[in-house]
Trainee: 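Below are the structure tokens for one structure; questions will follow.
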Amino acid sequence: MEMELDGEGRMVVRPLLTDLYQATMALGYWRAGRACEAAVFELFFRHCPFGGSFALTAGLQDCVRFLRAFRLQDADVQFLASVLPPDTDPAFFEHLRALDCSGVTVRALPEGSLAFPGVSGPLLLVQLLETPLLCLVSYASLVATNAARLRLIAGPDKKLLEMGLRRAQGPDGGFTASIYSYLGGFNSSSNTLAGQLRGVPVAGTLAHSFVTSFSGSEVPPEPMLAPASSESPTVDLPASVNLWLKRVCLYLGLEEQEPHPGERAAFVAYALAFPRAFQGLLDSYSVRRSGLPNFLAVALALGELGYRAVGVRLDSGDLLQQAKEIRGIFRTVGAQFQAPWLESVPIAVSNNIDEKELLRLAQKGSEVNVIGIGTNVVTCPKQPSMGCVYKLVSVGGQPRIKLTEDPEKQTLPGSKAAFRFLGSDGSLLLDLLQLAEEPPPKAGQELRVWPRGAQEPCTVKPTQVEPLLRLYLQRGQLCEPLPSLDESRTFAQQSLSRLCPMYKQLQNPAVYPVALSEKLRALVDSLSARGPL
């Protein structure tokens, strides 16, 4: 997305990040004298992504920021004038210059909800908003849902790191993915811009290039390191590491020359720079014969000074099996050298991890603590698009419906409200869509509803009823403070926790039903019966 900074230094979408036909339709509405008619559009998706039956709503904050900042600049209007017919009435462009979202109302699910938001306002304007709003919601919701699936597979205890910026579809796609993978349940991101602008926790250590850049002949300009919590004399860390390497190699049955000297020099350099956050990347050469003994020598040398290594990372091979072997060696080496803290050093893994591999790494008995996922969270390879749509449902208070040869593409007419029905145990029963003018359903009230796609109605009696849509923007004014990213993330995790029993098997998930009220169903039947002329 093409973006610029708003008054708070955060990125917002520009109005011309849109399709040309939005501008041509705007001209058509204006010429027809319909520019200011009240209209309602709904932004929704037809199928839950990834073959599942839930999605997380995301992108609301970005949409609200976009709407509140919406204004066509002179350069924008001049460009539109250059691509529209040359005989276009100049008064149309003056109308565009005066546009803002002071007449726009937004009702939506709170960010992080299990997914039906609606946008209303002047017809010409809310038509212009279609493409930017779809752009802001579709990918954000797709990534958040993808991240939530990965979190459900990993379970609550594994830490998930998003590290897909280098594989993302452009810088803006990478930025969006970092934000909304965090909302979906990841613990942190490698993307520092997402940390700076949106408060996403950032994490990262070193790559193979850092390790392989050292040959072993390098001499640190300042090799001395002070103890962590005392005024004792400084210690020559490289010399201490060499002494520990002898002891470690002897214990592990390795020749002292087997561990790569360049790798060891890289670890020492990193430890001198980050004595309180030392982590070893073990597979630049050989995990068993080089990376592991070099790491242990540096970690034990730091341990003598009161520092604790924060982890190791594996990036190739059978990650699950290697993690088990490394944990075993940590236990025996820790016992041998009176370093019990070594047993609990976190083990991080990465290497094109997808849902199948994540399921292996999350199994009972896995010694993996941190899992880095890049490509398979940011590119959403199982489904690269959410398929969100933005459809007109009402103009001038009159319902509108789209009838096509494809029944799946038929829309639901009228401005609507949505409610979630829950059972006595808090389980989710269904979501009910009804016309906005209908009285809201009540807990304990028996209702006849029409499940989507069903030929017959059913009766339901909810123990609890939750309204889903909230009023966020009314005639351009913010109606309530938007939650922070952390608050939305917490809300998303609470929502997902209610679904967990339904999603033991993500590949064959339980179907969560959506139903229509009798009045909405009757309106659909009435308008559908007219058919195309």
Trainee: Look at the rings of Phe41 and Tyr390 and say which category their plane angle falls in: under 30° parallel, 30 to 60° tilted, over 60° perpendicular.
Mentor: parallel

Trainee: Measure the spacing between CZ of Arg400 and CG of Leu412 and express it to the nearest 0.5 Å.
Mentor: 16.0 Å

Trainee: Near Arg167 CZ, under 6.0 Å, is it more than 12 heavy atoms from other residues, nucleotides or ligands?
Mentor: no

Trainee: When you measure from the side chain of Ser189 to the backbone of Val202, do you find a donor-acceptor pair of N or O atoms at a distance under 3.5 Å?
Mentor: no

Trainee: Test Ser415 against Arg107 for side-chain hydrogen bond (donor to acceptor under 3.5 Å, both in side chains), laying out the working first.
Mentor: CA-CA 11 Å; Ser415 179; Arg107 295 180 304 129; 3.3 Å; yes

Trainee: Distance-only, no hydrogens or angles: does the Asp76 side chain make a donor-acceptor pair with backbone N or O of Gln73 under 3.5 Å?
Mentor: yes

Trainee: CZ/Phe175 to CG/Leu193 distance, rounded to the nearest 0.5 angstrom?
Mentor: 5.0 Å

Trainee: Treating Asn369 as the side-chain partner and Ser344 as the backbone partner, does any N or O pair qualify as donor plus acceptor under 3.5 Å?
Mentor: no

Trainee: State whether Asp318 and Lys324 are salt-bridged, where the test is any N-O pair (Lys NZ or Arg NE/NH1/NH2 against Asp/Glu carboxylate O) under 4.0 Å.
Mentor: no

Trainee: For the pair Ser113 (side chain) and Leu109 (backbone), establish whether a donor and an acceptor sit closer than 3.5 Å, ignoring hydrogens and angles.
Mentor: no

Trainee: Apply the test side-chain contact (heavy atoms from CB on, under 4.5 Å) to residues Phe45 and Cys388: give CA-CA distance (whole Å), side-chain angles for both, the deciding distance (0.1 Å), then the verdict.
Mentor: CA-CA 4 Å; Phe45 55 91; Cys388 289; 4.2 Å; yes

Trainee: State, without any angle test, whether Ser284 and Glu263 hold a side-chain donor-acceptor pair at a distance under 3.5 Å.
Mentor: no

Trainee: Cut-off 3.5 Å, side chains only: do Asn351 and Ser316 have a donor facing an acceptor?
Mentor: no

Trainee: Does Gln363 have more than 12 heavy atoms from other residues, nucleotides or ligands lying within 6.0 Å of its CD?
Mentor: yes

Trainee: Taking the side chain as every heavy atom from C-beta outward, state whether Ile371 and Ile353 have any pair of such atoms under 4.5 Å apart.
Mentor: yes

Trainee: Verify whether the ring centers belonging to Tyr180 and Tyr139 lie closer than 6.0 Å.
Mentor: no

Trainee: Return the minimal non-hydrogen interatomic distance between Gly112 and Leu183, and the atom names on each side.
Mentor: CA-CD2, 4.0 Å

Trainee: Between Thr105 and Gln474, is a side-chain hydrogen bond (donor to acceptor under 3.5 Å, both in side chains) present by the stated rule, with each step listed?
Mentor: CA-CA 4 Å; Thr105 294; Gln474 186 167 37; 5.3 Å; no

Trainee: Testing Thr411, Val389, Leu392 for side chain to side chain contact (heavy atoms under 4.5 Å, CB included) with Lys402, which one passes?
Mentor: Thr411

Trainee: side-chain contact (heavy atoms from CB on, under 4.5 Å) for Val370 and Val349? Distances and angles first, verdict last.
Mentor: CA-CA 6 Å; Val370 183; Val349 298; over 6 Å; no

Trainee: In terms of the angle between their ring planes, are Phe210 and Tyr270 parallel, tilted or perpendicular, with boundaries placed at 30° and 60°?
Mentor: perpendicular

Trainee: Just checking Arg166: does its CZ atom have more than 12 heavy atoms from other residues, nucleotides or ligands closer to it than 6.0 angstrom?
Mentor: no

Trainee: I'd like to know if the side chain of Glu111 reaches the main chain of Leu60, judged simply by a donor and an acceptor atom lying under 3.5 Å from each other, with no hydrogens or angles considered.
Mentor: yes

Trainee: For the side-chain hydrogen bond (donor to acceptor under 3.5 Å, both in side chains) test, which of Glu162, Arg151, Lys158 pairs with Asn187?
Mentor: Arg151

Trainee: Is it the case that atom CZ in Arg71 sees more than 12 heavy atoms from other parts of the structure closer than 6.0 Å?
Mentor: yes

Trainee: Between Glu466 and Arg420, is there a salt bridge with N-O shorter than 4.0 Å?
Mentor: no

Trainee: Looking at Leu99, Asp100, Val104, which one forms a side chain to side chain contact (heavy atoms under 4.5 Å, CB included) with Ser102?
Mentor: Asp100

Trainee: For Leu206 and Val211: C-alpha separation, side-chain torsions, deciding distance, then whether side-chain contact (heavy atoms from CB on, under 4.5 Å) applies.
Mentor: CA-CA 8 Å; Leu206 68 161; Val211 175; 3.9 Å; yes

Trainee: Report yes or no: does Ser138 contribute a side-chain atom to a donor-acceptor pair with the main-chain N or O of Met386 at less than 3.5 Å?
Mentor: no

Trainee: In Å, rounded to the nearest 0.5 Å, how long is the span from CZ of Arg14 to CZ of Phe66?
Mentor: 11.5 Å

Trainee: As an exercise, state the distance from CG of Leu302 to CZ of Phe274, rounded to the nearest 0.5 Å.
Mentor: 13.0 Å

Trainee: Charged N to carboxylate O under 4.0 angstrom, Arg360 versus Asp354?
Mentor: no

Trainee: Please confirm whether the backbone N or O of Asp315 pairs with a side-chain atom of Asp283, one donor and one acceptor, at under 3.5 Å?
Mentor: yes

Trainee: Is the side chain of Arg327 donor-acceptor paired with the backbone N or O of Val368 at a distance under 3.5 Å, no angle test?
Mentor: no

Trainee: Examine the side chains of Arg313 and Ser350 and answer whether a donor and an acceptor come within less than 3.5 Å of each other.
Mentor: yes

Trainee: Look only at the side chain of Thr145 and the backbone of Leu56, and say whether a donor-acceptor pair between them is shorter than 3.5 Å.
Mentor: yes

Trainee: Whether the side chain of Thr490 engages the backbone of Asp486 through a donor-acceptor N/O pair (distance < 3.5 Å, no angle test) should be reported.
Mentor: yes

Trainee: Roughly how far apart are Leu80 CG and Leu72 CG, rounded to 0.5 Å?
Mentor: 6.5 Å

Trainee: Validate the cation-pi geometry between Arg489 and Tyr182: distance from NZ or CZ to the six-membered ring centre under 6.0 Å, angle to the ring axis within 45°.
Mentor: yes

Trainee: Dump the intermediate steps for side-chain contact (heavy atoms from CB on, under 4.5 Å) on Leu150 and Glu355, then the final yes or no.
Mentor: CA-CA 7 Å; Leu150 295 168; Glu355 287 188 2; 3.8 Å; yes

Trainee: Working to the nearest 0.5 Å, report the span between OH of Tyr29 and CG of Leu125.
Mentor: 11.5 Å

